[in-house]
Amino acid sequence: MVNRCTNPMLDGGRSTRMNALASLATTALLGTERRPPEWPTLEGPLGDLIAKIPRDETEKALLQTAGVLATCHLAGWQPPMITRSFPVAHDDVLKTDSSTVMLQTISGVLSDGPIRLQAEAFQKLAVSNCALPHRLLPKALDAGKRSVALRSCLLPVLGNRGTWLATQNEAWAYAVSGGSETLDDDVWQHGSLDQRKLYLTASRLRDAVKARELIATALTTEGARERTAFIECLASALTLADQDLLEATLSDKSKEARQAAVRLLSSLADSRFMQRMAERLSPCITVEKKLLRDTVITLEPPAAFLNEWKADLIEEAKPKGMAMGERAWWLLQMVRSTSLTWWEEKTNLKPVELIEWAKKSDWSDALLQGWAAAQALQQRVEWAEAFLSTQIPHGSSLNVLDLLATLPLALREKHFLRLFTATDVKQPGSMSALLDRFIDSIPFDSPPLSADTAKTLIQFLKRRVNNGEARYDWQLRATLVELACIIPPVHFDDCASGWDITKDEVQPFAEAVARVGIVLDQRQQLHSM
């Protein structure tokens, strides 16, 4: 049993012509030797005309064919309407609630609600074992097209009808392919560098072995920029199975590619690379238990540079302008590529204790900067807390927001509140920047903020906004709306009221406060359904 469709846009009549023109344009940009033209097959007078174009000179034929198609496009020519058959969608196993309240609520959320609120709407449906109402499927599929992060919440509530509908539109292909864009092998062969990187990243999640083989082959044929970009794609689903390829890249002609391999090997637990670094450091450290005294740890970096270190990209000469000496520079390079766990096991000290010991050491700069670089790659919770309790080493790649993102949500809230309430409001945008990054670090499927954290945040922001301290923090207006998406229901009323918009200095936030009220009303409706 089939459905009949006579819509030329769904059928692809005009779309076929335009896709053919786009394909020829891509061939012209890449060159016919790299990508042979895909000659269009069209029926009727247009097809007859294109068939008469001689193809013995490929470049000339390509330009003439593209000229014919472009002229037809400018003239508004429409191909003959034809029919196409579609299989019937299977009946949905999930319930479908098409009540007026449901339609109005979710339709409003999809029309102008924040993406985080859309995700919550889909999650509420999934918990109730419900599918989206059929009339909202196109709008929901468009939302998933715009936001990759939204797809994991959307797919479970599409139902059979939604999946069927997605097969009728290439723009919704992600809903048929499990949330990822359709992998077109032609993209790997002829796409731009950004397209090829996206292809590799998606391939890594589906077939890591195949993706690694593609990268290995590309390293023998591509330029330095491409080799570096492809090596960085291994960061997706990185495992010890990738270390052979990364180790081979340590001898690549491109310094950027070699450095990319070092970064990945330095984040890969138990890699041979990290073990070699630990073996070099081990003789430099002495741990002694003194009678009637605490354990004494002595560190003495290598006195001379060994040529064998160069194979692991340890550089002998320090960068120009660096304050530390050569031995400290060698030590820093080894420390940043050694497992943080190794330091704990070697010294029997906790991260906080190690940092305190390092501050008193003659080699403190090298140790602290090296550990900060290692933490940026290895992302250890205990070390993140330790660094948050002290001053982050100057010039390191580590920052407070990255440390917060490393922590579980409960710990993240605790440290974030301490940092946020100490924010310098004299710096415009300082509050919104920190709050934005905090909200962005919370996955869509996480529970709301704890009641205590939400209460503290709301009261703090109200005080700063109402007394005019935040009047020039323009981004904070949008951030308040995002915050309304993650507070628990117990604080809905508190968040919606108490904003003194009658004051001139608070007037810039009037629209944001109204939007916050709308979001909270929509969330209340979702929670009550």
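Along the sequence shown, the residues carry numbers beginning at 1. All heavy atoms count here, side chains included; hydrogens, waters and symmetry mates do not.
A salt bridge links Lys462 with Asp494: the closest approach of a Lys/Arg side-chain nitrogen to an acidic carboxylate oxygen falls below 4.0 angstrom. Electrostatic pairing of Glu469 and Arg463 does not count as a salt bridge here, judged by no charged N lying under 4.0 Å from a carboxylate O. Between Lys414 and Asp452 there is no salt bridge, since no side-chain nitrogen of the basic residue lies less than 4.0 Å from a carboxylate oxygen of the acidic one. Glu385 has no carboxylate O lying under 4.0 Å from a charged side-chain N of Arg380, or vice versa, which leaves the two without a salt bridge. With respect to Lys359 and Glu356, a salt bridge is recorded, a charged nitrogen being found less than 4.0 Å from a carboxylate O.
Remark: the Ser432 side chain and the Gln475 side chain contain no N/O donor-acceptor pair separated by less than 3.5 Å. Side-chain contact annotation: Trp371 with Gln378, donor-acceptor N/O pair under 3.5 Å absent.
When all heavy atoms of Met431 and Leu461 are compared, the closest pair comes out as SD-CD2, 4.5 Å.
With Phe444 as the aromatic partner, Arg116 does not meet the cation-pi criteria of under 6.0 angstrom to the ring centre and within 45 degrees of the ring axis.
Just one residue in the list Ile486, Thr421, Ile487, Leu417 forms a side-chain contact (heavy atoms from CB on, under 4.5 Å) with Leu457, and that residue is Leu417.
The aromatic rings of Phe416 and Phe420 sit parallel, their planes meeting at an angle under 30°, below the 60° perpendicular limit. In this structure, Phe492 and His527 have perpendicular ring planes: the angle between them is above 60°, well past the 30° mark.
Arg477 places no side-chain N or O within 3.5 Å of a backbone atom of Phe509 that could act as its donor or acceptor partner.
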